[in-house]
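Keep in mind the model is a prediction, meaning the values are calculated, not measured. Letters A, B, ... are given to chains in the order of the sequence lines, protein chains preceding strands, and every chain is numbered from 1. Computed from heavy atoms alone, side chains included, the values below leave out hydrogens, waters and symmetry copies.
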Amino acid sequence: MLMTGAQYIESLRKMKTRVYMFGELVENWVDHPIIRPSIDCVAMTYDLAHDPEYADLMTATSNLTGETVNRFCHLHQSTDDLRKKVKMQRLLGQKTASCFQRCVGMDAFNAVFSTTYEIDQKYGTAYHENFKNFMIEVQNNDWIVDGAMTDPKGDRGLAPSAQRDPDLFMHIVERREDGIVVCGAKAHQTGTINSPWHIIMPTQAMREEDADYAVSFATPSDADGIYMIYGRQSCDTRKLEEGADLDLGNQKFGGQEALVVFDHVFIPNKYIFMAGEFDFAGMMVERFAGYHRQSYGGCKVGVGDVLIGAAALAAEYNGAQKASHIKDKLIEMIHLNETLYCCGIACSAEGYPTAAGNYQIDLLLANVCKQNVTRFPYDITRLAEDIAGGLMVTMPSQADFKSDVVCGKNGETVAEICDKFFSGSPACTTEERMRVLRLIENMCLGSAAVGYRTESLHGAGSPQAQRIMIQRQGNLAAKKELAKAICGITK
Amino acid sequence: MKCGVRFCGGCNPRYNRREALNEIESRFKDIDFVNALVGVPHDLLLVIGGCTNCCAAYEQFDTKTDVMKMWDVDHIDMIEKQIKEKIK
Ligand SMILES: Cc1cc2nc3c(=O)[nH]c(=O)nc-3n(C[C@H](O)[C@H](O)[C@H](O)COP(=O)(O)OP(=O)(O)OC[C@H]3O[C@@H](n4cnc5c(N)ncnc54)[C@H](O)[C@@H]3O)c2cc1C
């Protein structure tokens, strides 16, 4: 089944998900002005699948059912699928200029699919069958699923079982005949409220003493004991202002993160994918992180496309578009952005089949991709802010641009004065100039900067996590042998 | 006569693929350009890619003639020629 965006939004209304924001329980979160743009953003992942101009990227044929499914619910069957995943993410970034939230689930599907297969091979468990059955449900219902990996982690210097509060890492508190009971939380969860289901994965490699923390499962988001505390974003309360439009920069779309708490949640056996096999926690983490580091070579590039376009418009509206340094800065932005895309495509093209049959990316290249993503969006925003000029952060509010309060000696209103002093080139109205500057603000330091900047840094692992993987995969020993062979060292 | 059309997903197109199709359509008033569908026979099949990779999958569609592919706005004349050849 392929849902439309409207059907997806209606499906959320049936959920009983418990959400808290600003210290209060949110009764109707689907229509809440702070949350709704993030829901509309996810809805684009549904709507584009129905558009013939985009269907080739947005859909795939399921290896489990033979049906056409949304690519976000697909298990990659080839390197072509891996490349198309990155292309789809770029497309969505372009259409939303925000985090569209559906990638974590797709990356979890693929990591859990292959890891459960290998756990079963070693331990004779039935996790892979459980997961396959769950995946068929996901595909048949076209669900967005939250891929939940990151634990709150408490004291970073201590192992899970050594924390003063055991709930700082997700763990099993009771094993029953019919399932397990878990406690803990997942932090920074993207699209968590907008997802009817969650897949939980361990946050790091585990040792034997942490076996109860090596746990993976699926659960409905409104299961008994689960609740979410909304993460606020820079400038979020602008969305609550009456008639909010211009000041938002991007009125239509946005991202979403929250803390998800699991207070003694029961997980039936059929939704368990790991329960104590600590020696496979590292594999699941590494595979998920690998896919997610590839993902950023698509989604951030699409958002970058919008920011580059906005900077080019700002230059035109300022009348500076012909200056050679402005042209050069736009070229530099494109160069940086396409470099990220090259990395996303390269780690996909060099992918390989796992023992379970789905395709995994090249780990070294995916880590290089993400390491660049921790830097280039920062360079791109710096250039965008340079081109935009200071007005993007000093401009009066939408209310001033619409105010009929008289402030001038000749009876000019605040709106007229703003219009006069903030006009740019004749290529645009003052309002158009304001719109594009607010969009740049939104992406560089407003609510979309959560996704474009800090998520680029920490999402899918902080920079050091990639450097560790690059060190492991980089094969320095072989490089030394190359050097020796060339310069005539024989020992 | 029906020409099935399959677009690539358009992640990084170097030209406007929709406008290119509109231009081709305007040159053939008697041909019905439709979104290609699986299990439906098409007289012609046109794949419109946004860049040189032209990555759209099209093997799943039935066509009575060879597939035509374009990935550049400059290919419009070439496609016009190919269609004329095929419908002769
Ligand atoms: C916007 C956003 C969206 C996200 N979405 C998701 C999501 O959907 N699902 C999900 O599972 N996660 C998500 N994440 C979480 C992301 O994976 C984590 O932020 C990341 O793994 C870093 O963890 P942390 O934030 O706890 O930072 P920390 O781990 O506290 O890192 C902070 C710094 O301390 C260093 N550090 C930490 N521990 C150690 C140590 N033991 N030794 C040495 N140095 C250390 C790090 O290298 C880093 O420099 C998201 C994050 C963001 C910002």
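- With a threshold of 4.5 angstrom between heavy atoms, A:Lys84 approaches chain B through side-chain atoms but not through N, CA, C or O.
- Listed here is the closest heavy atom pair of B:Asn35 and A:Pro52: ND2-CG, 3.0 Å.
- Within the structure, every pair that satisfies the side chain to side chain donor-acceptor pair (under 3.5 Å) test and touches residues 341-354 of chain A, not counting sequence neighbours, is listed here: A:Gln294-A:Ser348, A:Thr354-A:Asn358.
- Proximity to chain B (any heavy atom under 4.5 Å) is shown, for A:Gln89, by neither the backbone nor the side chain.
- Contacts from residues 78-88 of chain B to chain A, taken as heavy-atom pairs separated by less than 4.5 Å, involve no residues at all.
- Contacts of residues 48-55 of chain B with chain A at a heavy-atom distance below 4.5 Å involve B:Asn53, B:Cys55, listed in sequence order.
- Of the listed residues (A:Gln94, A:Arg83, A:Met58), the one with the most heavy-atom contacts under 4.5 Å to chain B is A:Gln94.
- Both the backbone and the side chain of A:Glu53 come within less than 4.5 Å of a heavy atom of chain B.
- Sorted by first then second residue, the salt bridge (Lys or Arg N to Asp or Glu O under 4.0 Å) pairs that include residues 31-45 of chain B, not counting sequence neighbours, are B:Lys2-B:Asp32, B:Asp43-B:Lys64.
- Shown here is A:Lys95, whose NZ atom has no more than 12 heavy atoms of other residues, nucleotides or ligands within 6.0 Å.
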